[in-house]
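In what follows, chains are A, B, ... by sequence order, proteins preceding strands, each numbered from 1.
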Number of protein chains: 2
Amino acid sequence: MTRQIIVADDHPLFREALKAAVGRLEPGTGFVEADSVAALLAAVEAEPDADLLLLDLNMPGAQGFNALAHVRGTRPGLPVAIVSADDDPQTIASALRYGAQGFIPKSTEAGQIGRAVEAVLAGEIYTPPGYHPPRGSGATDEDLEIARRIAELTPQQFRVLGMLCSGLLNKQIAYDLDVSEATVKAHVTAILRKLGVATRTQAVLAAGRLATDRASVKPPPEDSD
Amino acid sequence: MTRQIIVADDHPLFREALKAAVGRLEPGTGFVEADSVAALLAAVEAEPDADLLLLDLNMPGAQGFNALAHVRGTRPGLPVAIVSADDDPQTIASALRYGAQGFIPKSTEAGQIGRAVEAVLAGEIYTPPGYHPPRGSGATDEDLEIARRIAELTPQQFRVLGMLCSGLLNKQIAYDLDVSEATVKAHVTAILRKLGVATRTQAVLAAGRLATDRASVKPPPEDSD
DNA sequence: CGCTGCCTTCGACCAAAGGCGAATTCCCCC
DNA sequence: GGGGGAATTCGCCTTTGGTCGAAGGCAGCG
């Protein structure tokens, strides 16, 4: 039985490097790749028996720790190792508090990445050498509460939440997901309930608290001035 | 003619310290205090001839640089010196790009604060000793574009935007401002136009890009689970 | 097999959001 | 003193958002 690892990163080249670094130690390893949150969700659903998820924090559509929180909620048995270019102690501490089993800075050298992955697969919690938990751990209790609620969302609801956070209208979401607008509204209602808020705007604000970088809304078209 | 300085900080004690540090060098200085964004707007409107605004970044209701951008837009002639506990180079660079004439870390010793204020009043740009502009300057061109648009908002519109960013309904905003809901809607429409977006959620996302800390939406009431 | 949940889907109803035009006030400037 | 422009205010109408109830599909379990 070959072990399965899901590699979620929007950078194709980096995915290759990651696979090479991991596959070198265990040639029989199978990989599933995802370059977006949508693909990540699909991969997680399609591979219920995956052994590990290597997750980049800066993926388009997955503001920060939202994807981590959601995967931890829907697949509690699937270990997640964060792979990120942002390696300051605050970010690492947050990732661990949100349930990641490991944190691998992108600056890590290949051989060390392989060993880190093996460590996480063996059930250890991997942190970069020299890492110390900072004083204020970056994620407040309120943030963890948000994460807990996001973890309760179904995959489809999580997709919709991501689109809400992009500022899309129900109509646009319905078109993208190829369902009726009534269905989208039902999902939105479920999201509002689970997040404990009353409007989509409040839901976006809540989800935004788990973001590391600001979402880019959309390029303002700008015609007049 | 005594010069007027507006001191905007939600911490009363710190306002006192600030006044003491500045007043020591020029006993005749007049002060106007503001402990919230609402009070800040009122003060700026009431004192058109103020000589300087000392502005804290972490004021309730004024997410990050929004207040700075807005004041710079409505009162281009009023110099603004940011006073903040967050003194990393990224933050300082952003403040300067958004049009601040000075940046005074809260850790600055009293005498130095007085000298910094005098320098800004004299037309200089004050930065803490040892400050070097970082490589990536913290604020992207897109962020500056947002700031430029926020600067175009009228005071009332800016107040409404702040409430939108708190996740309030039009009805609640109308109650707080003591106007009809129709009026609030008109303001919201104007805001959407000026920010170049189509919905309130997108407006909140746009304004959120100028935030330094995440807004706390509101404590989720939480009853069921 | 049949039952029980859960997820997804949807249509119909009501509330909130947003657009449009217009009246009022205030301030600046001529 | 008298425009002119901007800001604030508001009512009416359309669109969007959100709730409720319900039906179909799919997995796990007795």
Side-chain angles (χ1 to χ4, degrees), chain A residues 41-42 44-46 48-49 70 73-75 151-161 163-206 224-225, chain B residues 38 41-42 44-46 48-49 70 73-77 150-161 163-206 224-225:
Chain A
L41 290 174
V44 169
E45 290 177 53
D49 298 326
H70 179 251
T74 53
R75 289 276 190 279
E152 293 176 353
L153 297 179
T154 70
Q156 192 77 324
Q157 288 165 7
F158 185 71
R159 286 190 195 94
V160 172
L161 176 59
M163 297 180 181
L164 290 185
C165 292
S166 300
L168 297 179
L169 304 181
N170 287 340
K171 192 177 296 184
Q172 302 175 282
I173 298 175
Y175 180 82
D176 287 351
L177 295 182
D178 196 33
V179 294
S180 92
E181 191 175 343
T183 300
V184 174
K185 291 181 180 179
H187 286 309
V188 171
T189 297
I191 293 170
L192 300 183
R193 269 175 165 24
K194 290 186 179 175
L195 295 191
V197 298
T199 71
R200 63 164 64 242
T201 300
Q202 293 173 354
V204 169
L205 287 170
S224 65
D225 65 315
Chain B
L41 291 173
V44 170
E45 290 177 52
D49 298 326
H70 179 250
T74 54
R75 289 277 189 281
I150 286 185
E152 293 176 353
L153 297 179
T154 70
Q156 192 77 324
Q157 288 165 6
F158 186 71
R159 287 190 193 94
V160 172
L161 176 59
M163 297 180 181
L164 290 185
C165 291
S166 299
L168 273 61
L169 304 181
N170 287 341
K171 192 178 297 185
Q172 303 175 283
I173 298 174
Y175 180 82
D176 287 352
L177 295 182
D178 195 33
V179 295
S180 92
E181 191 175 343
T183 301
V184 175
K185 290 180 181 179
H187 286 310
V188 172
T189 298
I191 293 171
L192 300 183
R193 269 175 163 27
K194 288 186 180 176
L195 295 191
V197 298
T199 71
R200 76 207 279 107
T201 299
Q202 292 173 353
V204 169
L205 288 170
S224 63
D225 64 314

Indicate yes or no: at least one non-hydrogen side-chain atom of V197(A) is less than 4.5 angstrom from one of I191(A). no
Give me the first and last nucleotide of DNA chain C, going 5' to 3', that has any atom under 4.0 Å from a heavy atom of chain A. dC7(C) to dG11(C)
Which parts of nucleotides 8-20 of chain D does protein reach within less than 4.0 Å, heavy atoms only, written one letter per nucleotide 5' to 3' as B for base, S for sugar-phosphate only and - for none? SBBB----SBBBS
For A190(A) against Q157(A), the heavy-atom pair lying closest together: CB-NE2, 3.4 Å
Evaluate the side-chain proximity of K194(B) to T154(B): yes if any heavy-atom separation is below 4.5 Å, no if none is. yes
Show each protein N/O and nucleotides 26-28 of chain D N/O combination with a separation under 3.5 Å, one pair to a line.
none

Closest heavy-atom contact between L168(A) and D176(A)? CD1-OD2, 4.0 Å
Provide the closest heavy-atom pair for G73(B) versus A151(B) in the form atom of the first, atom of the second, distance. CA-CB, 3.5 Å
Is there a side chain to side chain contact (heavy atoms under 4.5 Å, CB included) between L41(A) and H70(A) once you walk through the steps? CA-CA 10 Å; L41(A) 290 174; H70(A) 179 251; 3.7 Å; yes
Give me the one residue out of T199(A), T201(A), L205(A) that meets side chain to side chain contact (heavy atoms under 4.5 Å, CB included) with T201(B). T201(A)
Correct closest heavy-atom pair for F158(B) and I150(B) would be CE1-CG2, 3.9 Å
Check whether any side-chain heavy atom of L153(A) sits under 4.5 Å from a side-chain heavy atom of V160(A), and report yes or no. no
With a 4.5 Å limit on heavy-atom distance, are the side chains of V204(A) and V204(B) in contact? no
